[in-house]
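In what follows, every chain begins at residue 1, and chains take the letters A, B, ... in the order their sequences are listed.
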Amino acid sequence: MPRTILLLALLCAAPASAAEPLHARVDALIGAKAKGDGVTLSAPASDAEFVRRAYLDFAGRIPTAAEAKAFFDDSSKEKRAKLIDALLAAPGYAERWADAFNVMLMERLGDHAEWTKFLRDSFAKNAKWDEMARAMLRADHKDTDRAGAAFWLVKRLENYGQNPVDYSALTRDVGRLFLGKNFQCCECHDHLTVDDYKQQHFQSLHAFFKNTYLPSANKLIVGEKPTLDKTAFASVFTKVQMLTAPALPGGAMLEIPKLAKGMEFAELPDKKTGAPGVLKFSPLKEVSERLPTKANADFARNGANRLWFLLLGRGLVHPLDLHHSGNPASHPELLDLLAREFAQHSFDIKFLLREIALSGTYQRSSVLPAGTKEAPHAKYFAVALERRLSAEQLLQSVIVATGADAKAADVLRPKFVKAFANQPREPEDEVQPSLRAALFVLHDPAVLGLLEAKPGALVSRAAALSDAEATDALYLALLCRAPSATERAAVAKVLAKHADKRAEALGRVAWALLASMEFGVNH
Amino acid sequence: MLCTPGEHRVTRRKFLGASAGAVGLGALANPAVADELKKQRRQVLFVWLDGGMSQLESWDPKPNTPFGGPFRSIQTSVPGVRVSELLPQCAKQMHRLALVRSVSTQDNSHSAGVDRIQRGDPKNRGVTYPYFGSAVAKLVGAGDSGLPPYVWVKPMSGGFIYKHAGFLGPKFGALALGDGKPPENLLRPKDLSAEADDERNELRKLLDKEYAANRRPELTEANTHAFEMAAQLQKKIELFDLSKLPQKDQDRYGSHDLGRHLLLARRLLEAGVTFVKVTSYGWDTHGDHFNGAASLHPKFDKPFAAILEDLADRGMLDNVLVIACAEFGRTPRINGHIGRDHWPEAWSVAMAGRGIKRGVVAGRTNDTGTDVATDPVDIGGLFHTWFRALGVNPEEVQYRNAGQPLPIAHDDMKPVSEVLA
């Protein structure tokens with residue numbers, strides 16, 4: 001029976017008969033697998049869960065109390081779709097997705113104003129993923145509108161302390177982040193545990209980047225020395241000498257043109273100005289034109305899988321950078337469908353995000369189905385997974401909730417990054433409560449200062465209300481919901497005890513909400 | 001290049017709340033249980049002399065030989081065992097110590113050496129192995145202290161040093177106490193009373209309980225663990241205030257960095273921290289070595305002897321494995337700047353305490369100290385020795401990394417059985 005459903009879903013997915021919108025087909029495939037394996041899906045998210053989730057995902061912050069209330073009060077049937085479309089069209093969308101892509105693509109290696117601008121501009125005008133990837137891999141210093149794109153390569157071509165440039169890590173990151181394949185273990189031999197990953201894949205990908213360099217420190221310019229010969233390599237096991245020209249993993253090798261000495265450049269490098277020149281045969285140009293294309297299935301699948309991960313908390317292929325036949329997608333047809341639609345829509349990120357967000361799968365509650373003893377495996381997407389909030393999402397949410405002015409954000413940002421971001425090169429792909437973050441929330445004056453009574457601040461506004469109203473106001477501002485009976489009673493007890501110092505007591509209540517697990521994740 | 005932790009990442013959540021802290025806080029309320037737990041503690045004090053202490057001016061003196069240098073050797077509390085006159089206090093503790101004088105390792109540079117020695121140089125399996133501290137944190141656990149299992153006392157800056165954990169994942173990284181100071185934000189602000197703090201935390205816990213009641217529990221458990229550790233560490237704030245200790249203690253250890261840091265280490269071990277690493281920098285004496293050693297070695301000698309004595313007095317040497325180590329020794333040949341350079345081929349490591357024989361010397365170097373004269377002991381062999389001393393048998397215990405079994409110590413090497421009790 002499930003097989004038939006899958007088959008039907010597949011048939012429906014064919015472009016000619018794609019009567020159903022993509023989000024409905026997503027739900028059909030997720031539902032079919034859950035049903036086949038006897039897994040119960042949780043109920044749809046409540047309005048409170050949904051509005052918080054949607055704002056965090058598409059505005060990069062929780063909703064204001066007014067925004068949440070407006071959503072609750074809207075009785076129209078299509079209000080969720082309406083909210084998604086409104087948020088996708090608002091300026092916060094570009095900021096949120098610039099942040100999401102910065103965290104994913106730079107993995108806290110560093111920041112640069114031009115890079116941020118490149119990402120924000122790209123999302124603001126809905127630049128397509130292939131176009132963004134091309135700009136990053138090409139790092140064309142003459143493309144001044146997108147100068148910041150070069151930062152992706154530049155940061156990876158820096159010396160790290162006294163260590164030489166880590167070209168292997170650069171190659172690894174191209175594979176991981178653009179193709180979903182981590183070839184790191186294949187530098188010196190075929191992968192020991194992943195049959196699909198060969199040393200040839202690493203070396204041929206590496207050949208695109210091995211002659212890149214930074215002509216000058218502190219400039220977003222990538223230089224390229226001429227590539228004249230194939231790369232020689234040998235497995236540490238077989239010691240057999242091999243040669244490779246630049247090639248996409250598993251793809252055809254490029255022809256390296258024979259150029260006479262001194263004739264490699266169409267435009268010579270200029271040592272005085274630091275201009276790196278223009279090569280007649282540029283592997284960077286080649287890779288930027290070949291890798292981010294519809295013809296490259298890895299590129300489409302990785303892109304679709306990572307966008308799915310960003311909204312659902314787990315990749316269809318998981319870990320995100322281990323696409324191979326021994327680690328198939330949890331829902332192979334679904335990944336095929338998303339990758340195909342993504343490519344057919346010219347890698348339109350906003351299109352795919354919208355379709356995923358419209359699905360019942362995205363709009364599921366994180367509360368376990370009634371009567372469930374044990375949560376179903378995350379791979380079913382049967383219950384919404386709690387997702388990590390980036391340091392920026394936490395910061396913006398705290399600012400919005402406490403009523404701090406936007407200027408405060410600039411002072412707080414480095415502190416939030418230090419407290420909540422991972423170390424460089426550690427992907428931020430799961431919720432990781434830490435002692436460092438706990439101590440920050442517990443004691444840092446910057447956090448505590450936000451919860452003090454001062455004009456316009458949340459606590460001061462609440463202090464003007466009755467105990468019950470104040471409690472409601474704090475819960476709505478911080479958790480986008482009303483308190484439970486138990487919570488209301490506990491808060492009432494605290495407030496009754498400190499009637500003489502009410503503002504301070506309200507500050508402590510607000511702190512408890514802010515320090516709670518519920519505030520700290522996208523659930 | 002090695003594979004990243006991310007590649008072979010274990011599910012960190014599994015460990016959170018599970019291995020560490022599970023014995024936990026409740027048990028401590030019962031004194032009998034607490035005493036029993038203390039007896040079962042398995043702990044490590046790892047003293048790291050960064051840059052490399054000269055074996056010739058410490059554990060393996062060769063006076064009156066071409067490379068012996070100007071210092072004499074002296075008798076120790078163990079007849080027939082002599083050490084450099086620069087370690088007079090340690091000499092009196094020799095009956096508690098075991099020396100391996102035939103250490104012979106591979107890396108001649110600091111950058112490679114520190115990593116290689118502290119990771120135990122396992123065979124390359126394409127993963128980044130944990131530092132010894134992270135390994136012990138994982139294999140022995142956090143015990144009953146409620147404190148992080150791996151604490152690193154060091155000069156200069158502190159923080160949370162995840163990289164030490166390698167493929168074990170950040171949970172097993174080091175909590176570094178820069179200049180022995182507590183981690184950032186440890187202290188409750190003065191204007192927040194203990195009562196108010198409890199009140200807000202009770203509310204927070206109630207919220208988390210409500211939240212977790214009908215959701216997957218793992219994340220909330222991990223979050224609770226982080227807050228509990230913060231609370232435990234705060235309660236131990238007096239650990240960091242050495243000024244309250246008897247003046248006699250402060251004098252015996254000395255007021256210099258390594259003295260104060262070893263005294264803090266003693267306090268951390270008493271509080272039950274599983275692994276305490278104390279680092280001292282500045283041992284890389286390429287020039288004016290002998291004046292350098294005359295100044296440096298007493299700074300190690302005095303507090304190291306003091307902590308051995310104190311651990312013995314407190315009955316803690318049965319639980320605490322003590323190691324004094326570096327990334328290599330120093331060259332017998334004296335260079336043109338009257339210095340000794342890096343020498344991994346023949347150097348010494350001192351150890352004591354849990355699982356270690358007392359008052360013994362294993363291995364020896366040749367008459368001029370240029371090479372080992374017995375079977376060379378590489379760091380992998382020392383890891384085997386240390387794990388066994390801690391009651392962890394590398395023949396039986398393995399790491400599991402994303403399903404892949406990995407040996408905890410170099411599989412071609414063997415422990416130094418002469419020093420194992």
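Residue contact with chain B, scored on non-hydrogen atoms closer than 4.5 Å, involves the side chain of A:Y475 exclusively. Heavy atoms of B:D208 lying under 4.5 Å from chain A belong exclusively to its side chain. Interface residue B:Y211: only side-chain heavy atoms are found under 4.5 Å from chain A. Interface remark: A:R388 contributes no atoms to any contact with chain B (heavy atom separation under 4.5 Å). Both the backbone and the side chain of A:V509 come within less than 4.5 Å of a heavy atom of chain B. Heavy atoms closer than 4.5 Å to chain B are found nowhere in A:A510, neither backbone nor side chain. Looking at B:K205, neither its backbone nor its side chain comes within 4.5 Å of chain A, counting heavy atoms on both sides.
Counting heavy-atom neighbours within 6.0 Å of B:E238 CD, excluding the residue itself, gives a total above 12. Within a 6.0 Å sphere centred on NZ of A:K418, other residues, nucleotides and ligands contribute 12 heavy atoms or fewer.
Minimum interatomic distance between B:A230 and A:L439 (heavy atoms only, all atoms of both residues): CB-CD2, 3.6 Å. Across all non-hydrogen atoms, the minimal contact from B:P148 to A:L435 is CG-CD2, 4.4 Å. Closest approach of B:R216 to A:A375, counting heavy atoms only: CG-CB, 3.5 Å. Here the shortest heavy-atom pairing between A:A512 and B:L203 reads CB-CB, 3.6 Å.
Note: A:E487 CD to B:L207 CG = 5.0 Å, rounded to the nearest 0.5 Å. The distance from atom OG1 of B:T220 to atom CE of A:M517, rounded to the nearest 0.5 Å, is 5.0 Å. Taken from OG in A:S366 to CG in B:N214, the straight-line distance is 8.0 Å, to the nearest 0.5 Å. Here the CG atom belonging to B:N124 is positioned 7.5 Å from the SG atom belonging to A:C188, to the nearest 0.5 angstrom. To the nearest 0.5 Å, the span separating NZ on B:K163 from CD on A:E426 amounts to 9.5 Å. A distance of 11.5 Å separates OG of A:S516 from CD of B:E210, quoted to the nearest 0.5 Å.
In this structure, the side chains of B:N223 and A:V521 stay at 4.5 Å or more apart for every pair of heavy atoms. Looking only at side-chain heavy atoms (C-beta outward), B:L219 and A:Q432 stay at 4.5 Å or farther from each other.
Applying a 4.5 Å heavy-atom cutoff, the residues of residues 184-191 of chain B that approach chain A are B:E184, B:N185, B:L186, B:L187, B:R188, B:P189.
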Which pairs of donor and acceptor atoms, one on a side chain in residues 491-501 of chain A, lie under 3.5 Å apart (sequence neighbours left out)?
{"from": "A:H498", "atom 1": "NE2", "to": "A:R508", "atom 2": "NH2", "distance (Å)": "3.4"}
{"from": "A:H498", "atom 1": "NE2", "to": "B:E199", "atom 2": "OE1", "distance (Å)": "3.2"}
{"from": "A:H498", "atom 1": "NE2", "to": "B:E199", "atom 2": "OE2", "distance (Å)": "2.6"}

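Every salt bridge (charged side-chain N to carboxylate O under 4.0 Å, His left out) that B:D411 has, sequence neighbours left out, goes to B:R125. For B:K277, there are no salt bridge (charged side-chain N to carboxylate O under 4.0 Å, His left out) partners at least two apart in sequence or on another chain.
Across A:L385, A:L514, A:D444, the residue that shares the most heavy-atom pairs under 4.5 angstrom with chain B is A:D444. Considering only heavy-atom pairs separated by less than 4.5 Å from chain A, the leading option among B:Q234, B:E202, B:R215, B:R204 is B:R215.
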